[in-house]
Amino acid sequence: MLITLAGILAVVGALAGAYYFAMRPVSLRIAVGPANSEDIKVVQALSQAFAQAHSRIRLRPMQTDGAAASAQALGEGKADLAIIRGDLEVPKNAQAVATLRKNVVVLWVPPAAKAKGKKASPKITKIPQLAGHRIGVVGRTQANVNLLKVILAQYGVDPNKLEIVQFPASEAADAIRNQKADAYLAAGPVNSKITADAIAASTRDGGTPTFLAIDSAEAIAQNHPAYEASDIPAGAFGGAPAKPEDEVKTISFSHHIVARKGLSDSTIAAFTRQLFAIRQQLMTEFPLAAKIETPDTDKDAVIPVHPGAAAFVDGEEKTFLDRYSDYIWWGLMALSAMGSAGAWFAGALKKDERSASNSQRDRLLDMLTAARNCASTVVSGPAGGGLRNSVM
């Protein structure tokens with residue numbers, strides 16, 4: 001009974017320990033930047049929401065200088081998750097978990113300023129006409145400059161024949177009002193406030209900016225898989241008249257949430273499930289949260305999907321018993337074998353005692369046999385005399 005009770009307690013303890021180990025909170029370091037960006041704010045909101053909900057997965061934001069630095073942190077193993085740009089070099093150990101947002105490229109030319117006694121410069125209506133002009137790029141990241149060069153190369157425009165200047169996002173509106181460049185490029189979500197403010201700053205003297213269509217968007221997407229052909233809807237940037245007045249062809253790229261290869265499938269599946277469950281709560285404070293999408297699970301995806309995220313998307317996420325049933329079965333088999341071994345060992349320890357018991361039993365049986373074969377018994381009387389009785 002004691003051995004059986006000990007075995008039951010061992011099984012219960014093993015199951016409780018396995019459940020605690022599997023369901024304990026797990027902290028994941030997520031690299032994101034730059035400072036004061038929308039990505040930082042969204043990740044901080046997610047971190048707080050996970051903690052308040054006592055979720056299994058907790059986030060520890062690691063601020064970086066930008067998407068490139070975040071990718072480097074993931075590649076070096078300093079982070080478990082990272083927010084990266086799809087058109088930058090993707091670390092070899094990165095696997096997609098979700099698409100944080102899609103960004104569109106906006107190219108526009110401010111209306112010519114009205115100046116007395118000065119001849120108006122030729123109006124720029126097409127990308128090839130940018131040659132010989134000064135192009136302003138919103139944002140300090142080199143990735144946006146590289147993006148502009150990809151577009152120019154598609155149209156045969158030599159970047160060396162024009163001047164490219166960059167403006168911090170916080171200074172872009174002032175630079176545009178002061179006419180620091182002839183045309184501008186911005187990359188961000190369609191509802192980006194930075195892009196909308198920059199375009200609004202381009203409006204002067206009642207004139208509206210001219211948006212340059214990237215008609216070769218599909219060709220660019222074919223040559224550079226990180227980009228996709230896309231459209232900017234009419235009136236995307238508001239105003240009266242609408243800006244733009246008509247739909248404009250362009251290219252887009254994505255910001256991804258990626259995980260370090262080798263992280264547990266169950267951990268990433270739990271994170272993905274929490275991410276999409278909490279997304280609705282963040283939409284009122286962060287409209288960009290509505291843009292979070294599931295990753296591309298195709299085998300030829302630009303960034304391979306993490307198996308845990310794929311299991312969530314495909315509805316093949318494993319339960320606790322699915323993940324640990326084999327361990328439980330083998331544990332029971334091991335306990336059974338240990339019980340048998342213990343019983344044999346206990347028997348071996350009591351071998352001498354069993355031999356003595358067998359000897360005493362055999363002696364008792366011999367005594368019983370002798371008693372049955374005895375012809376008489378001697379009964380001691382009260383006076384100490386003996387009385388022999390015949391036994392029939």
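Heavy atoms only: backbone and side chains are in, while hydrogens, waters and symmetry mates are out.
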Novice: Determine whether the side chains of Arg85 and Asn144 contain a donor N or O and an acceptor N or O closer than 3.5 Å.
Specialist: yes
Novice: Side chains of Ile151 and Leu185, heavy atoms from C-beta outward: is any pair under 4.5 Å?
Specialist: yes
Novice: Do any N or O atoms from the side chain of His255 and from the backbone of Gly188 form a donor-acceptor pair under 3.5 angstrom?
Specialist: no
Novice: Which atoms form the tightest heavy-atom contact between Val305 and Gln95, and what is the distance?
Specialist: C-CB, 4.1 Å
Novice: How long is the gap from CD on Gln129 to NZ on Lys126, to the nearest 0.5 Å?
Specialist: 7.0 Å
Novice: Are Tyr184 and Leu107 close enough that some pair of their side-chain heavy atoms sits under 4.5 Å apart?
Specialist: no
Novice: Any chance you could lay out the side-chain contact (heavy atoms from CB on, under 4.5 Å) test for Leu152 and Leu130, step after step, and finish with the verdict?
Specialist: CA-CA 9 Å; Leu152 295 175; Leu130 293 175; 4.2 Å; yes
Novice: Tell me, do Lys291 and Ser254 make a side-chain contact under 4.5 Å, heavy atoms counted?
Specialist: no
Novice: Under a 4.5 Å side-chain heavy-atom rule over Ile, Leu, Val, Met, Phe, Trp and Tyr, are Val26 and Leu275 clustered together?
Specialist: yes
Novice: Of all the heavy-atom pairs spanning Tyr155 and Ala213, show the shortest one and how long it is.
Specialist: OH-O, 4.0 Å
Novice: Would one find more than 12 heavy atoms of other residues, nucleotides or ligands at under 6.0 Å from atom CG of Asn36?
Specialist: no
Novice: For a quick test of reading the model, state the closest non-hydrogen atom pair linking Pro61 to Ser47 and the distance between them.
Specialist: CD-OG, 4.1 Å
Novice: Name every donor-acceptor pair, under 3.5 Å, that has one atom in a side chain of residues 68-80 and the other anywhere in the protein, sequence neighbours excluded.
Specialist:
from  : atom 1 : to     : atom 2 : distance (Å)
Ser70 : OG     : Thr64  : OG1    : 2.7
Ser70 : OG     : Gly66  : O      : 3.0
Gln72 : NE2    : Glu76  : OE2    : 3.0
Glu76 : OE1    : Lys78  : NZ     : 3.2
Asp80 : OD1    : Arg29  : NH2    : 3.4
Asp80 : OD1    : Arg260 : NH2    : 2.5
Asp80 : OD2    : Arg29  : N      : 3.0
Asp80 : OD2    : Arg29  : NE     : 3.4

Novice: Identify the heavy atoms of Arg56 and Ser266 that sit nearest to each other, and give their distance.
Specialist: NH1-O, 3.6 Å
Novice: Does the Ser37 side chain pair with the main chain of Pro34, one donor and one acceptor, at a distance under 3.5 Å?
Specialist: yes
Novice: Measure across Ile303 and Ala96 and return the closest heavy-atom pair with its distance rounded to 0.1 Å.
Specialist: CG2-N, 3.7 Å
Novice: Which is it for Leu162 and Val157 under the side-chain contact (heavy atoms from CB on, under 4.5 Å) test, yes or no, and what are the steps along the way?
Specialist: CA-CA 9 Å; Leu162 51 82; Val157 179; 3.8 Å; yes
Novice: Would the distance check show the side chain of Ser202 and the main-chain N or O of Ala198 forming a donor-acceptor pair, the cut-off being under 3.5 Å?
Specialist: yes
Novice: Kindly give the heavy-atom pair with the smallest separation between Ile84 and Pro91, and that separation in Å.
Specialist: CD1-CD, 4.5 Å
Novice: Do Ile278 and Leu46 have side chains that get closer than 4.5 Å, going by heavy atoms?
Specialist: yes
Novice: Quick check on the hydrophobic clustering: are Leu282 and Ile292 connected, directly or via other members, by side-chain heavy-atom contacts under 4.5 Å?
Specialist: yes
Novice: If you round to the nearest 0.5 Å, how far is CG of Leu88 from CD of Gln142?
Specialist: 10.0 Å
Novice: Quick one: pull up OG in Ser55 and CD in Gln274 and give me the separation to the nearest 0.5 Å.
Specialist: 4.0 Å
Novice: Kindly say whether Asp298 contributes a backbone atom to a donor-acceptor pair with the side chain of Asp296 at under 3.5 angstrom?
Specialist: yes
Novice: Would you be so kind as to tabulate the donor-acceptor pairs closer than 3.5 Å made by side chains of residues 216-245, with sequence neighbours excluded?
Specialist:
from   : atom 1 : to     : atom 2 : distance (Å)
Asn223 : ND2    : Ala219 : O      : 3.2
Tyr227 : OH     : Asp87  : OD2    : 3.1

Novice: Leu81, Phe276: one ILVMFWY side-chain cluster at the under-4.5 Å cut-off?
Specialist: yes
Novice: Under 4.5 Å between side-chain heavy atoms, hopping through other hydrophobics if needed: is there a path connecting Leu212 to Val105?
Specialist: yes
Novice: Side chains of Val258 and Val90: closer than 4.5 Å at any heavy-atom pair?
Specialist: no
Novice: State, with a plain yes or no, whether a side-chain heavy atom of Ile83 is found less than 4.5 Å away from one of Val43.
Specialist: yes
Novice: So, Thr210 versus Trp108: side-chain donor-acceptor pair below 3.5 Å or not?
Specialist: no
Novice: Check whether any side-chain heavy atom of Ile127 lies under 4.5 Å from a side-chain heavy atom of Gln154, and answer yes or no.
Specialist: no
Novice: I'd like to know if Ile135 and Ile251 are part of one continuous hydrophobic network [Ile/Leu/Val/Met/Phe/Trp/Tyr, side-chain heavy atoms within less than 4.5 Å].
Specialist: yes
Novice: What distance do Ile30 atom CD1 and Met62 atom CE have between them, rounded to the nearest 0.5 Å?
Specialist: 10.5 Å
Novice: Show which side-chain atoms of residues 163-177 pair as donor or acceptor with protein atoms under 3.5 Å away, not counting sequence neighbours.
Specialist:
from   : atom 1 : to     : atom 2 : distance (Å)
Glu163 : OE2    : Arg134 : NE     : 3.4
Gln166 : NE2    : Gly139 : O      : 3.0
Gln166 : NE2    : Arg140 : O      : 3.2
Gln166 : NE2    : Thr141 : O      : 3.0
Asp174 : OD1    : Arg177 : NH1    : 3.0

Novice: If you define the side chain from C-beta out and look only at heavy atoms, does anything of Lys149 sit under 4.5 Å from Leu147?
Specialist: no
Novice: Would one find more than 12 heavy atoms of other residues, nucleotides or ligands at under 6.0 Å from atom CG of Asn146?
Specialist: yes
Novice: Quick one, Lys102 with Glu293, criterion side-chain contact (heavy atoms from CB on, under 4.5 Å). Give me CA distance, side-chain angles, the key distance, then yes/no.
Specialist: CA-CA 9 Å; Lys102 287 189 176 182; Glu293 300 177 358; 4.0 Å; yes
Novice: Check step by step if side-chain contact (heavy atoms from CB on, under 4.5 Å) holds for Arg273 and Ile57.
Specialist: CA-CA 10 Å; Arg273 182 174 65 254; Ile57 305 300; over 6 Å; no
